[in-house]
Amino acid sequence: MIDLKYLEKNFDEASAKLAKKGVKSEILDELKELFANLKKAKAQFESKRAEQKSLSKEFGAYKAQGKDISELKEKLDRLKEEAASLQAKADEIEQKLLQTALAIPNFPDDSVPEGESEDDNVEIKKVLTPKEFSFTPKEHWELAEINGWIDFERGVKLAKSRFAILRNDAAKIERALINFFLDFNAKNGFNEVCVPVLNNSKMLLGTGQLPKFEDDLFKVEGEDLYLIPTAEVALTNMYNDEILSADELPILLTAYTPCFRKEAGSAGRDTRGIIRQHQFDKVEMVAITKPEQSDEIFEKMVQNASDILTALGLPHRLVELCGGDLGFSAARTIDLEVWLPGQNRYREISSVSNTRNFQARRAKIRYKEGKKNILTHTLNGSALAVGRTLIAIMENYQNEDGSIDIPEVLKPYMESKI
RNA sequence: GGACAGGUGGGUGAGUGGCUGAAACCACACCCCUGCUAAGGGUGCGUGUUCGAAAGGGCACCGAGGGUUCGAAUCCCUCCCUGUCCGCCA
């Protein structure tokens, strides 16, 4: 959630920032007014309640002394009613405020480039040069067919469309990649954890998936549980409603989980192959930091993800997302896009974001600095999306006959094959 | 899923209707005393929000949500969670 006090005091500045993300200023006007109204309504209720409480104390004293209380009771009954109606009014405003405020995205950093869509994203740099093929490289689904690596039909049979089964070496590579990523992240200081993939609504609210993006989530019927769309939800919310001590920060975590997304609104996009599935594997990094640490950790996370791709020999580029393409919770995001020779283009394989204190404010993640409690910063990034890495390996390591080589660094993870 | 017992501040734990936002102890922080490896004394020490320059007030919160009452951590209802036993199960 954005800082409402900041919005109140620096309205024009705040509204200019959010304009970058395409937020209309009318909604902010409304929010600001609700905030002011809430303060007023709360003050009214609180003074009425204070009156009620102090009289109530007298009531006890009167009774103890055997004095007549009928007049006092009448007065108190009236006060009680008045306070209740003032409270109801304040609650109503608060409800509306929360509903509005929780749907406002995070402020983008000032350094974020202007732009409306991914076409306006800014390439930062390229790493490794795509290799020249002496033949026309195939797309991953063609290679999957030749090698018997992906069983689309039976995946659909088991679940529905956009579910698939990996077979043979593809299944082994998937598993090898997960282990390779986790080890790589651990070497760089990220603590491996294993988390529930069902999380409750409070957690989804904490990281910003709820209430606005409920349609993108799979919900368990009859339970307050959702399949997580990313391990970011579980990792970040491990510290939901906690006050950490300054010396335990930064906290660096990594986890492998399957991720589940309805992909609502993505009908017709990437329907071939396994680029866009309802279930996919991902190894995630999350950092909980002091505000002054988050820029440095951000760079570290980007570097880490890039280094993994380099180690796999996969050409990629770093792209700074423009305001319009930035996610809901992110103040800043760098995407890593891997080169897919079959598609002859770069495709997103990792996304590293700094949410500043946006998620921390929702999830109440603070740390103690002296006597004060300060909101932490939270960051997240993929290292990496496993299925897409498999695709990248297939397309980059393909031979003319459709066979696929195994990257050197993965071989130790595939001993059973060698 | 069933039965019973519980859920109080960082921890242990007291508190069955007003004097309790909460004793005591531990932990922690600062200070004093003393001097030698251990101890004594003092002070402070939940969260959020609001008013205030500050000092200091107000309000809310004792698992969550309702209810009873002039007044609830304390009584009632529902739910959630934990423990133990039973059932089921990788």
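Computation of the quantities below employed the complete heavy-atom set of this structure, encompassing side-chain atoms and omitting hydrogens, waters and symmetry-equivalent molecules. Letters A, B, ... mirror the listed sequences (proteins, then strands); counts begin at 1. This one's a predicted model, so the numbers in the text were calculated from it and none came from an experiment.
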Pick base, sugar-phosphate or nothing for [X], based on heavy-atom distances below 4.0 Å to the nucleic acid.
X: A/N373; value: sugar-phosphate
X: A/K5; value: sugar-phosphate
X: A/K368; value: sugar-phosphate
X: A/I243; value: sugar-phosphate

Worksheet entry | Check: A/Q87 and A/D91 side chains under 4.5 Å, non-hydrogen atoms |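 Yes, close enough: below the 4.5 Å cut-off.
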Worksheet item: If you find the nucleotide of RNA chain B closest to A/K39 and the one closest to A/K371, which residue's nucleotide is nearer the 5' end?
Response: A/K371
Aromatic ring proximity, centroids under 6.0 angstrom, [Y] and [X]:
X: A/Y256; Y: A/F181; value: no
X: A/F190; Y: A/F184; value: no
X: A/Y6; Y: A/F107; value: yes

Item to complete: Summarise how protein sits on nucleotides 56-77 of chain B as a single string, 5' to 3': B when a protein heavy atom is under 4.0 Å from the base, S for sugar-phosphate-only contact, - for no contact.
Response: --BBS---------BS------
Let's test this: given Watson-Crick or G-U wobble pairing with both distances under 3.5 Å, identify the partner of [N].
N: B/C70; answer: B/G18
N: B/C4; answer: B/G83
N: B/C59; answer: B/G48

Discussion item. Can you tell whether the side chains of A/E242 and A/K364 come within less than 4.0 Å, N to carboxylate O?
Written reply: no
Worksheet entry | A/V233 and its side-chain contact (heavy atoms from CB on, under 4.5 Å) partner, picked from A/V195, A/N199, A/L227, A/T257 | A/N199
